[in-house]
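Quick caveat, the model's predicted, so the values are computed rather than measured.
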Amino acid sequence: MAKRRPYPSDLSDARWELIEPVLAAWRFERWGRALHFGRPPEHDLRDIMDAILYVDRAGVQWRYLPHDFPHWNTVYGYFAKWADEGVFAELNGMLRQLLREKEGRDAEPSACVIDAQSVKTSTSVHASGQGIDAGKKIVGRKRSLVTDTLGLLLAVLVTAASVQDSVAGTRLLGQVAADHPRVRKVWVDGGYRQHLVEHAATLGIDMEITARKPGTRGFTPIPKRSAVERTYGWLMLHRRLARDYETLHTRSEAVIHLAMTDLVARRITSENAISWRDPKKPAKRTNPG
């Protein structure tokens, strides 16, 4: 079979070398469970990952995968297994440590930032999995992220948009304390209640609520907290995250881990994400009339 032409979302050889050991170990471990006694796996793991990244970057439905990828049902099957078994979270964690060491930091962070983003959902999301964010007037889901001070993902929780930031923050802090015991400082915005500060103290974490200075107008980055806000901007390079299309909230969390895996791998290999803008050409101005 002739090799297909590459898509902009495809993994480079350098990025594939970073993630291939994790995926190969996953396949070997499944084979070791004696789940397969017949023919060996017929699909190349790199082709499967390229297909998943195509959906992630282009934002298409699974059934709309180009035909030069493996069948969409097969690709989705791998995505679902990797999401349910924490493979994307494992990839993100491994690459995060590599990038922190490349940046001259310790592999494990000592401080983090928490923030939340409410997004609209698609018709595939059941009403029971949605809610209303009254403050932002959004019907959908809420993505709560914990990042280090470089903006690299430590933990994610997807809930209905009606869930209070402090409720999600309580669960996230518990996860961070368990998975990253070196963390001793966390910054949050004014949407997180005082009782969360007290909960953080019981975990040995100093929580600081940051806010804009009174009278400030327009966009003003807030020190420390801007790291997680920048991360939300990075995620928007992945059109699958423009709104929440996933039926299960756990799959939504997996897509965020997947997007961060792609972003961090590019930073490690010094590859730029391809955007729709050509920096050599000035933007065309259109006549609104």
Side-chain angles (χ1 to χ4, degrees), residues 3-32 41 43-58 65 69-70 74-109 112 145-156 179-180 182 227-228 230-241 251 253-275:
K3 184 174 178 60
R4 65 175 176 82
R5 295 178 60 185
Y7 293 97
S9 56
D10 283 359
L11 291 163
S12 65
D13 291 341
R15 283 184 285 137
W16 173 243
E17 288 179 5
L18 288 173
I19 70 172
E20 188 271 340
V22 173
L23 300 184
W26 173 86
R27 173 169 275 178
F28 179 81
E29 195 270 339
R30 284 183 64 86
W31 197 268
H43 297 290
D44 182 77
L45 290 175
R46 184 169 179 175
D47 284 342
I48 296 293
M49 192 64 176
D50 281 340
I52 294 173
L53 285 171
Y54 182 93
V55 172
D56 176 53
R57 287 302 301 267
L65 266 175
F69 282 123
T74 299
V75 174
Y76 180 75
Y78 273 89
F79 167 77
K81 290 185 180 71
W82 289 346
D84 295 343
E85 297 179 24
V87 173
F88 296 121
E90 181 183 355
L91 284 170
N92 175 67
M94 179 267 293
L95 294 175
R96 181 189 63 247
Q97 291 181 344
L98 290 177
L99 181 55
R100 285 184 59 85
E101 291 173 346
K102 181 181 178 181
E103 297 285 339
R105 307 291 188 96
D106 290 333
E108 283 296 322
C112 63
L145 302 187
V146 184
T147 71
D148 63 10
T149 54
L150 296 178
L152 307 180
L153 185 66
L154 300 180
V156 56
D179 297 342
H180 307 281
R182 288 191 70 246
V228 67
R230 184 175 66 235
T231 301
Y232 281 115
W234 292 340
L235 293 177
M236 289 304 102
L237 291 172
H238 300 253
R239 290 193 174 188
R240 187 77 180 184
L241 293 171
R251 301 284 164 79
E253 295 167 359
V255 174
I256 293 173
H257 279 295
L258 170 66
M260 287 302 298
T261 295
D262 183 46
L263 289 162
V264 176
R266 288 179 184 273
R267 286 183 62 178
I268 292 174
T269 58
S270 301
E271 299 175 43
N272 293 324
I274 298 175
S275 71

Residues in salt bridge (Lys or Arg N to Asp or Glu O under 4.0 Å) contact with Arg251, at least two apart in sequence or another chain:
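Residues passing salt bridge (Lys or Arg N to Asp or Glu O under 4.0 Å) with Arg251: Asp84.
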
Qualifying residues under salt bridge (Lys or Arg N to Asp or Glu O under 4.0 Å), relative to Arg46, sequence neighbours excluded
Asp13

List the steps, then state whether side chain to side chain contact (heavy atoms under 4.5 Å, CB included) holds for His180 with Val146.
CA-CA 11 Å; His180 307 281; Val146 184; over 6 Å; no

Between [X] and [Y], what is the shortest heavy-atom contact and its length?
X	Y	answer
Ala107	Glu101	CB-OE2, 3.5 Å
Leu150	Arg230	O-NH2, 3.2 Å
His257	Ala89	ND1-CA, 3.7 Å
Arg100	Asp148	NH1-OD2, 2.9 Å
Asn92	Leu153	ND2-O, 3.2 Å
Cys112	Leu154	CB-CD1, 3.7 Å

So Asp10 and Leu53, side chain to side chain contact (heavy atoms under 4.5 Å, CB included) or not? Walk me through it.
CA-CA 7 Å; Asp10 283 359; Leu53 285 171; over 6 Å; no

Quick one: list whatever passes ring-ring contact (aromatic ring centres under 6.0 Å, His included) with Tyr54, sequence neighbours left out.
Tyr7, Phe69

Atom pair [atom1] ([X]) and [atom2] ([Y]), whose distance is rounded to the nearest 0.5 Å:
X	Y	atom1	atom2	result
Leu263	Leu258	CG	CG	9.5 Å
Glu103	Arg267	CD	CZ	5.5 Å
Glu17	Leu11	CD	CG	11.5 Å
Gln97	Arg105	CD	CZ	15.0 Å
Leu91	Met49	CG	CE	5.5 Å
Arg57	Arg239	CZ	CZ	9.5 Å

Can you name the residues that form a side-chain contact (heavy atoms from CB on, under 4.5 Å) with [X], not counting sequence neighbours?
X	result
Ala259	Asp56, Leu235, His238, Leu241
Thr269	Ala14, Arg15, Leu18, Glu271
Thr74	His43, Ile48, His71, Tyr78

Would you say Lys102 has more than 12 foreign heavy atoms packed within less than 6.0 Å of its NZ?
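Above 12, so yes.
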
Could you check whether atom CZ of Arg5 has more than 12 heavy atoms from other residues, nucleotides or ligands sitting under 6.0 Å from it?
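Counting neighbours around CZ of Arg5, 12 or fewer heavy atoms of other residues, nucleotides or ligands fall under 6.0 Å, so no.
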
Can you tell me if Arg96 uses its side chain to pair, donor with acceptor, with the backbone of Leu152 under 3.5 Å?
no

Any [X] side-chain heavy atom under 4.5 Å of [Y] side chain:
X	Y	value
Arg4	Asp50	yes
Leu95	Ile19	yes
Trp82	Leu23	yes
Trp26	Lys81	yes

Give the ring-plane orientation class for Phe88 versus Phe79, where under 30° counts as parallel, over 60° as perpendicular and anything between as tilted.
tilted

